[in-house]
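In what follows, a single structure is set out as structure tokens and then discussed.
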There are 2 protein chains.
Amino acid sequence: MAKNGTISASVIKRLPRYYRFLGELMKQEVERISSRELSEMMNLTASQIRQDLNCFGGFGMQGYGYHVRSLHEEIGKILGVDREFGTIIIGAGNLGKAIAMHINFETRGCRLTGIFDVNPRLTGETVGPIAIRHTDEIEQFCKENKPVVAVLCIPKANTQEIADRLVKLGIRAFWNFSHYDLTIEHENIVVENVHLGDSLLTLTYRANNNIAPENSGNGQEDSN
Amino acid sequence: MAKNGTISASVIKRLPRYYRFLGELMKQEVERISSRELSEMMNLTASQIRQDLNCFGGFGMQGYGYHVRSLHEEIGKILGVDREFGTIIIGAGNLGKAIAMHINFETRGCRLTGIFDVNPRLTGETVGPIAIRHTDEIEQFCKENKPVVAVLCIPKANTQEIADRLVKLGIRAFWNFSHYDLTIEHENIVVENVHLGDSLLTLTYRANNNIAPENSGNGQEDSN
DNA sequence: TATATCCTGTTAATCATTTATCAAACTTTG
DNA sequence: CAAAGTTTGATAAATGATTAACAGGATATA
């Protein structure tokens, strides 16, 4: 909550969503917006939006609101979308390929530079502009290209082993889609466990017990 | 928190993870486990585990702990894994196919019965055991098969329109992977917006500001 | 069987997050 | 330019979530 101190996880989770909505507003050539208007668009309270933004600095102006373009830019800086973290995908199965094609890494501070798979039959096949390499080449590749982010799309049995190996090669952020709860003891290494299966289960739970939960609004929920 | 009252979203989000860990313990033929042991495995406090489980009833026994098999079964019931919600995927691009192949719907109370895409070239192609149908067939299919869950893997421009159409056809739960914040005004309809892009952005934010956040432990984070 | 140990369910306390409030500051309008 | 209307940033209040504490009941052991 402090302007310099650590930002709470709840706030951080909302930042990308602010960034998206502001991007949309920019496309629609909206110049200014108040916390009240934005709150209506986003299904939040105006108070929360002001509180969140003030963790990072007073971007608004009384009687005016927020300048859409500047706020978008500021949040972009906070999120680090201007960086170019080298990014590799481990596992070129259905999911690995889908993520390679579906996620716009560039607009999120990442540059996808390599895809790896243990299956030698896939070696050489291309996913978009990138050729699949064999897992044995990871060491060589990392020494040359110094990637920072690794996306894990591999079976759970191999996940911890591969992750430990990647830590030694300088990977500092793991985006883990494997059906396994990855933990890295090392400091300064961050992990995001996605667990799509868990996400589906919470959905079906809510579908079952669907007596319009008064607490969480109207049954919408975000996974982030 | 009340035993009958509404369960908080925070608790619900943890249930699938409990379910997974208990499943693993069963595989390892562990018969009983205490909240303390489980808390060490899962990186939670024992207190939280007991608190969470007690939202649903006293499954444990003093001096003994929890019977792994029974607890697994109970949580399964709560999550509704025994149900068979008919499930369809809309959009058979990379992501739609990957989800069809990668997610075990059966073990999560869902039965995947149809995949649809607007692209007529994909019609007839199979994904696992399921043939892709053209989007025009959705109406007919829903009348005959009464699916309840829809997985949206389509561009954001079409998402709201398709969702509204599906609501009329009886869909009551949306698992939305499109780059769009879906909201359904209807009561008794639940939505889970996944937003993989946002998930990546929170990861890179944490990688940037990576001065070992004392609050959230050691930099591990779950998306659920 | 008696004793020491263990562990749950529950209540209380702490901590975190969200919402409400309001003075100060800017914009708009006549 | 003055008055009316907005809207922020900051602080306070309210709500929610997590952790701690502990009595009561079960197990394990000798």
Side-chain angles (χ1 to χ4, degrees), chain A residues 1-15 17-18 22 25 30-68 70-71 74-75 213-217 221-222 224, chain B residues 1-15 17-18 22 30-68 70-71 74-75 213-217 220-222 224:
Chain A
M1 282 175 191
K3 210 158 283 180
N4 326 354
T6 317
I7 308 297
S8 82
S10 337
V11 175
I12 294 168
K13 279 186 194 161
R14 281 190 294 269
L15 284 182
R17 191 150 176 266
Y18 290 132
L22 290 165
L25 287 169
V30 178
E31 268 199 5
R32 50 183 271 192
I33 193 155
S34 71
S35 57
R36 188 186 47 74
E37 289 170 298
L38 192 56
S39 74
E40 281 160 14
M41 286 179 54
M42 295 186 67
N43 259 313
L44 299 171
T45 65
S47 211
Q48 178 163 69
I49 291 174
R50 293 204 298 275
Q51 195 81 275
D52 283 355
L53 297 179
N54 264 70
C55 295
F56 303 98
F59 300 132
M61 229 195 310
Q62 285 104 323
Y64 177 89
Y66 298 86
H67 184 65
V68 172
S70 333
L71 185 56
E74 289 290 348
I75 297 182
E214 303 97 39
N215 52 350
S216 72
E221 189 74 31
D222 280 345
N224 297 286
Chain B
M1 281 176 189
K3 211 158 281 178
N4 326 354
T6 317
I7 309 297
S8 83
S10 337
V11 175
I12 294 168
K13 278 188 195 161
R14 281 190 294 267
L15 284 183
R17 191 150 177 265
Y18 290 133
L22 289 165
V30 178
E31 269 199 4
R32 51 182 272 193
I33 193 153
S34 69
S35 57
R36 188 185 47 74
E37 290 170 298
L38 192 57
S39 74
E40 281 160 14
M41 286 179 55
M42 295 185 67
N43 260 313
L44 299 171
T45 65
S47 211
Q48 179 162 68
I49 292 174
R50 293 203 298 277
Q51 195 81 274
D52 283 354
L53 297 179
N54 264 70
C55 294
F56 303 97
F59 301 132
M61 229 196 309
Q62 285 105 322
Y64 176 91
Y66 298 86
H67 184 65
V68 172
S70 332
L71 185 56
E74 290 290 349
I75 297 182
E214 304 97 38
N215 52 350
S216 72
Q220 326 295 312
E221 189 73 31
D222 281 343
N224 299 285

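Just so you know, these numbers use all the heavy atoms, side chains as well, and skip hydrogens, waters and symmetry mates. Per chain, numbering begins at 1; letters A, B, ... match sequence-line order.
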Whole-Å distance, I49(A) CD1 to dG9(D) P, equals 12 Å

If you measure from CE on M42(A) to CG on L22(A), what distance do you get to the nearest 0.5 Å? 7.5 Å

Does a side-chain N or O of R36(B) approach OP1 or OP2 of dC6(C) to a distance below 4.0 Å, or not? no

To the nearest angstrom, the NZ-P distance between K13(B) and dA17(D) comes to 10 Å

Check: dT17(C) base within 3.5 Å donor-acceptor of Q51(A) side chain: no

Can you check the Y66(B) OH to dA26(D) P distance for me, whole Å? 15 Å

Qualifying residues under side-chain hydrogen bond (donor to acceptor under 3.5 Å, both in side chains), relative to R32(B), sequence neighbours excluded: none

Kindly compute the distance separating CD1 (I33(A)) from CE (M41(A)), expressed to the nearest 0.5 Å. 5.5 Å

Among the nucleotides dA12(D), dA21(D), dG9(D), which one has an atom lying closest to any side-chain atom of R50(A)? dG9(D)

Taking R14(A) for its side chain and Q48(A) for its backbone only, find out whether a donor-acceptor pair lies under 3.5 Å. no

Looking at dT8(C), I'd like to know if its phosphate oxygens (OP1 or OP2) sit under 4.0 Å from a side-chain N or O belonging to N54(B). no

Any non-hydrogen side-chain atom of Y66(A) less than 4.5 Å from a side-chain atom of L53(A)? yes

Would you kindly give the CG-to-P distance between D52(A) and dT8(D), to the nearest whole Å? 13 Å

Let me know the distance between CG of L71(A) and P of dT7(D), rounded to the nearest Å. 15 Å

OP1 or OP2 of dA20(C) versus the side-chain N and O atoms of S47(A): is any pair under 4.0 Å? no

Measure the distance from CD1 on I7(B) to P on dA17(D) and round it to the nearest whole Å. 11 Å

Between CG on residue L71(A) and OH on residue Y18(A), distance to nearest 0.5 Å: 10.0 Å

What does the list of N/O pairs under 3.5 Å between the protein and nucleotides 26-30 of chain C look like, with a distance for each?
unit_1	atom_1	unit_2	atom_2	d
dC26(C)	O4'	Q62(A)	O	3.3
dT28(C)	OP1	R32(A)	NH1	3.1

Under-4.0 Å side-chain N/O to phosphate OP1/OP2 contact, S35(B) with dT8(C): yes

Residues forming a side-chain hydrogen bond (donor to acceptor under 3.5 Å, both in side chains) with E37(B), sequence neighbours excluded: S34(B)

E37(A) CD to dG5(D) P: how many Å, rounded? 18 Å

Could you check how far CD1 of I12(A) sits from P of dA16(C), rounded to whole Å? 14 Å

